[in-house]
Amino acid sequence: MSNNPDQNTQVSAEVEGGLPAPTDTPPERPGEGPEPTAHLAALLKEAEDEAARLKDAWLRAKAETENVRKQAQNDLAKAHKYAIERFAQDLLTVKDALELSLATPNATTEALKDGVELTLKNLNAAFDKARIVEIDPTGEKYDPHRHQAMTMIESAEPPGTVVQVFQKGYLLNDRVLRPALVAVAKAKDGSA
């Protein structure tokens with residue numbers, strides 16, 4: 001009790017009147033009971049469950065991505081390994097035609113010529129299917145990307161023109177497989 005008689009009287013009156021005596025603890029708020037730890041434990045459990053679901057979903061997505069990556073690698077390896085399968089099948093008819101021509105007993109020159117022509121026809125068909133195109137640049141302007149100059153020849157053609165083809169070149173889908181080996185015209189006075 002305090003030394004102030006008025007204050008003591010007031011406290012006594014409150015206790016006698018049934019009013020609670022003041023304390024240092026704050027009053028309870030609505031919704032907060034004596035069990036806030038149970039509510040926090042439920043929230044923690046809910047968060048842990050959500051984290052576990054998300055981790056599981058992430059692991060599944062990661063595994064699926066890894067499976068797709070491995071499948072793509074396998075597909076790419078197979079594509080490289082068997083890329084020429086169709087072309088090889090087309091070349092089998094060429095081989096068959098050559099073997100048939102050579103296997104003919106007592107073949108005449110005419111029969112051998114017919115066999116070689118058939119073989120060339122089959123080979124050209126295989127090249128067409130594989131999009132292999134012949135480079136025969138006679139009379140064209142020299143192109144260092146498609147032609148390989150072997151020599152320069154004095155010619156009536158303008159300088160830099162292909163005047164002779166020693167060996168044809170070939171393109172595969174616009175990519176040079178083999179450049180054409182050519183002779184290029186030079187000016188009559190010796191300058192190119």
Side-chain angles (χ1 to χ4, degrees), residues 53-192:
R53 281 193 303 275
L54 291 174
K55 182 179 180 183
D56 182 58
W58 176 77
L59 288 174
R60 289 177 188 274
K62 183 179 176 184
E64 180 65 25
T65 302
E66 186 65 21
N67 289 341
V68 168
R69 186 188 64 78
K70 286 180 182 177
Q71 184 63 41
Q73 282 179 336
N74 289 340
D75 291 346
L76 185 62
K78 286 179 184 177
H80 284 293
K81 187 175 181 179
Y82 300 111
I84 64 166
E85 181 177 10
R86 235 179 40 189
F87 183 64
Q89 287 174 345
D90 292 337
L91 287 182
L92 292 177
T93 60
V94 174
K95 184 177 187 298
D96 292 342
L98 282 172
E99 288 174 346
L100 185 62
S101 295
L102 292 174
T104 305
N106 302 325
T108 64
T109 306
E110 190 62 34
L112 285 175
K113 184 178 180 217
D114 290 344
V116 171
E117 286 175 353
L118 175 64
T119 303
L120 184 58
K121 182 179 175 184
N122 288 338
L123 185 60
N124 284 333
F127 278 13
D128 288 343
K129 286 182 184 177
R131 287 185 242 111
I132 297 174
V133 178
E134 195 175 272
I135 300 173
D136 187 3
T138 304
E140 296 178 7
K141 183 157 177 58
Y142 174 73
D143 179 357
H145 299 289
R146 293 180 173 218
H147 314 140
Q148 182 176 346
M150 302 302 292
T151 187
M152 294 187 83
I153 300 174
E154 284 188 12
S155 173
E157 297 288 327
T161 302
V162 174
V163 291
Q164 185 178 356
V165 177
F166 299 114
Q167 186 180 60
K168 294 177 187 175
Y170 291 92
L171 298 172
L172 173 63
N173 295 323
D174 297 325
R175 178 183 280 182
V176 176
L177 283 177
R178 180 178 80 188
L181 301 180
V182 299
V184 181
K186 67 178 180 178
K188 293 213 185 236
D189 62 347
S191 62

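All values below come from the heavy atoms of this structure, side chains included, with hydrogens, waters and symmetry mates left out.
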Practice item. Walk me through it: do Arg69 and Glu66 pass the test salt bridge (charged side-chain N to carboxylate O under 4.0 Å, His left out)? Key: CA-CA 5 Å; Arg69 186 188 64 78; Glu66 186 65 21; 2.2 Å; yes

Review point. Any side-chain heavy atom of Leu91 sitting closer than 4.5 Å to one from Leu123?
Key: yes

Check your understanding: Does any donor atom in the side chain of Gln71 or Asp75 lie under 3.5 Å from an acceptor atom in the other side chain?
Key -> yes

**Study point:** Considering all heavy atoms, the nearest Ser101-Gly115 contact
**Key:** OG-CA, 3.1 Å

Exercise for review: For the pair Arg178 (side chain) and Lys168 (backbone), establish whether a donor and an acceptor sit closer than 3.5 Å, ignoring hydrogens and angles.
Suggested key: yes

Practice item. Identify the heavy atoms of Ala130 and Phe87 that sit nearest to each other, and give their distance. Key: CB-CD1, 3.5 Å

Review point. Which distance, rounded to the nearest 0.5 Å, do you find between the CG of Leu171 and the CG of Leu177?
Key: 7.5 Å

Check your understanding: Under 6.0 Å from the CG atom of Asn74, do we count more than 12 heavy atoms belonging to anything else shown?
Key -> yes

Revision key, fill the gap. Pro179 and Gln148 have their tightest heavy-atom pair at CG-OE1, 3.9 Å

Check your understanding: Is the number of heavy atoms from other residues, nucleotides or ligands under 6.0 Å of Ile84 CD1 greater than 12?
Key -> no

Check your understanding: Could you give the distance from OG1 (Thr65) to NZ (Lys62), rounded to the nearest 0.5 Å?
Key -> 10.0 Å

Point to revise | 4.5 Å side-chain heavy-atom contact, Glu140 and Arg146 | key: no

Review point. Can you list the residues that meet the side-chain contact (heavy atoms from CB on, under 4.5 Å) rule with Val184, with sequence neighbours excluded?
Key: Tyr142, Ala149, Val182

Check your understanding: Hey, are the side chains of His147 and Ile135 touching, using non-hydrogen atoms and a 4.5 Å cut-off?
Key -> yes

Exercise for review: Look up atom CZ in Phe127 and atom CG in Asn122, then write down how far apart they are to the nearest 0.5 Å.
Suggested key: 12.0 Å

Review point. Looking at OG1 of Thr151 and CD of Gln164, how far apart are the two atoms once the value is rounded to the nearest 0.5 Å?
Key: 9.0 Å

Practice item. Inspect the contact between Asp56 and Arg60 and indicate whether a charged nitrogen and a carboxylate oxygen are less than 4.0 angstrom apart. Key: yes

Review point. With the threshold set at 4.0 Å, does a side-chain nitrogen-carboxylate oxygen contact exist between Glu117 and Lys113?
Key: yes

Review point. Would you say the side chain of Leu118 lies within less than 4.5 Å of the side chain of Asp114, judging by non-hydrogen atoms?
Key: no

